[in-house]
Amino acid sequence: MKYRVQNPSQTQQIAAELARRLRGGEVIWMEGDLGAGKTTFVKGLAAALGVEEVVTSPTFTFLRSYRGRALTLHHFDLYRAQDADELYELGLAEYLGESDAVCVIEWNKLESPVEPIRVRIRVVGDTEREIEIV
Ligand code: ADP
Ligand code: MG
């Protein structure tokens, strides 16, 4: 599916639509340049899953987990990870595919045990984005 959005809240609406399809066990790869809106999208996902905490980018910790209504959201940001070995040593791969959780990953460097959902965000203009979900 391909969408055109005009502002951050529309991006979060698309995320909320995706959230409704999630049943647990999914792995979502966020793709797009720095500043495209990946974290913005994840915030929309979190809100729609019933996360009440403020979602902030786990740039230095690699992972933050949030309890939603029915599912836990594991939010990864692997931008600063040196290599995959480091991440496997930290045990991060063990979260992938958990049946009562959804993993959403910015700058993925891990192999996914399940076919990932790919969310690609492309900057079109100042606040215009193209979002493709495959
Ligand atoms: P990323 O995680 O991809 O680096 P962020 O979500 O952290 O990007 O930042 C995206 C920035 O772009 C935010 O400042 C946000 O307000 C802005 N922005 C403008 N238009 C949009 C849009 N349509 N969707 C998402 N973010 C947008
Ligand atoms: Mg980000």
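Whatever order the structure lists them in is the order used to number ligands and atoms, beginning at 1. As the structure is a prediction and not an experimental result, all values here were calculated from the model.
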Problem - Of the N, O or S atoms in Glu106, the one nearest the Mg ion (ligand 2) - result: OE1
Practice task
Would you name the heavy atoms of Arg20 and Arg23 that are closest together and state the gap between them?
Solution key: O-NH1, 3.0 Å
Exercise for the section: Using non-hydrogen atoms of the residue, decide whether Asp33 is closer than 4.0 angstrom to ligand 1. Expected result: yes
Problem - Heavy atom of Gly32, distance to ligand 1 below 4.0 Å - result: no
Practice task
Step by step, work out the side-chain contact (heavy atoms from CB on, under 4.5 Å) result for Phe41 and Ile121.
Solution key: CA-CA 9 Å; Phe41 187 98; Ile121 307 179; 4.1 Å; yes
Minimum-distance protein heavy atom relative to [atom]:
atom	answer
atom 6 (O) of ligand 1	Thr40 OG1, 2.6 Å
atom 19 (C) of ligand 1	Arg129 NH2, 3.5 Å
atom 8 (O) of ligand 1	Gly37 N, 3.2 Å
atom 11 (C) of ligand 1	Gly35 O, 3.8 Å
atom 16 (O) of ligand 1	Pro8 CG, 3.7 Å
atom 7 (O) of ligand 1	Thr39 CB, 3.7 Å

Determine whether the side chain, the backbone, both or neither of [X] has a heavy atom under 4.0 Å from any heavy atom of ligand 1.
X	value
Glu128	neither
Thr127	both
Ile121	neither

Problem - Heavy atom of protein closer than 4.0 angstrom to atom 14 (O) of ligand 1 - result: no
Problem - Any donor-acceptor N/O pair, Asp83 side chain to Glu86 backbone, under 3.5 Å - result: yes
Problem - Residue Thr39, metal the Mg ion (ligand 2), N/O/S under 2.8 Å - result: yes
Fill in the blank from the handout: Only one of Val124, Ile14, Thr40, Val123 passes side-chain contact (heavy atoms from CB on, under 4.5 Å) with Arg129, and that residue is Val123
Is [X] in polar range of ligand 1, meaning some N or O pair under 3.5 Å apart?
X	result
Thr11	yes
Gln6	no
Val5	no

Practice task
Determine the interplanar angle of the Phe76 and Tyr95 rings, folded into 0 to 90°, and report it as parallel if under 30°, tilted if 30 to 60°, perpendicular if over 60°.
Solution key: perpendicular
Practice task
Calculate, to the nearest 0.5 Å, the distance between atoms CD and SG belonging to Glu26 and Cys103 respectively.
Solution key: 10.0 Å
Handout entry: Distance, nearest 0.5 Å, that separates CZ of Arg118 from OG of Ser112
Key = 9.0 Å
Practice task
Please test Tyr66 against Leu71 for side-chain contact (heavy atoms from CB on, under 4.5 Å), starting from the C-alpha separation and ending with a verdict.
Solution key: CA-CA 9 Å; Tyr66 304 91; Leu71 298 172; over 6 Å; no
Decide whether [X] and [Y] meet the rule of one side-chain donor and one side-chain acceptor closer than 3.5 Å.
X	Y	value
Asn7	Thr127	no
Arg80	Thr59	no
Glu106	Thr39	yes

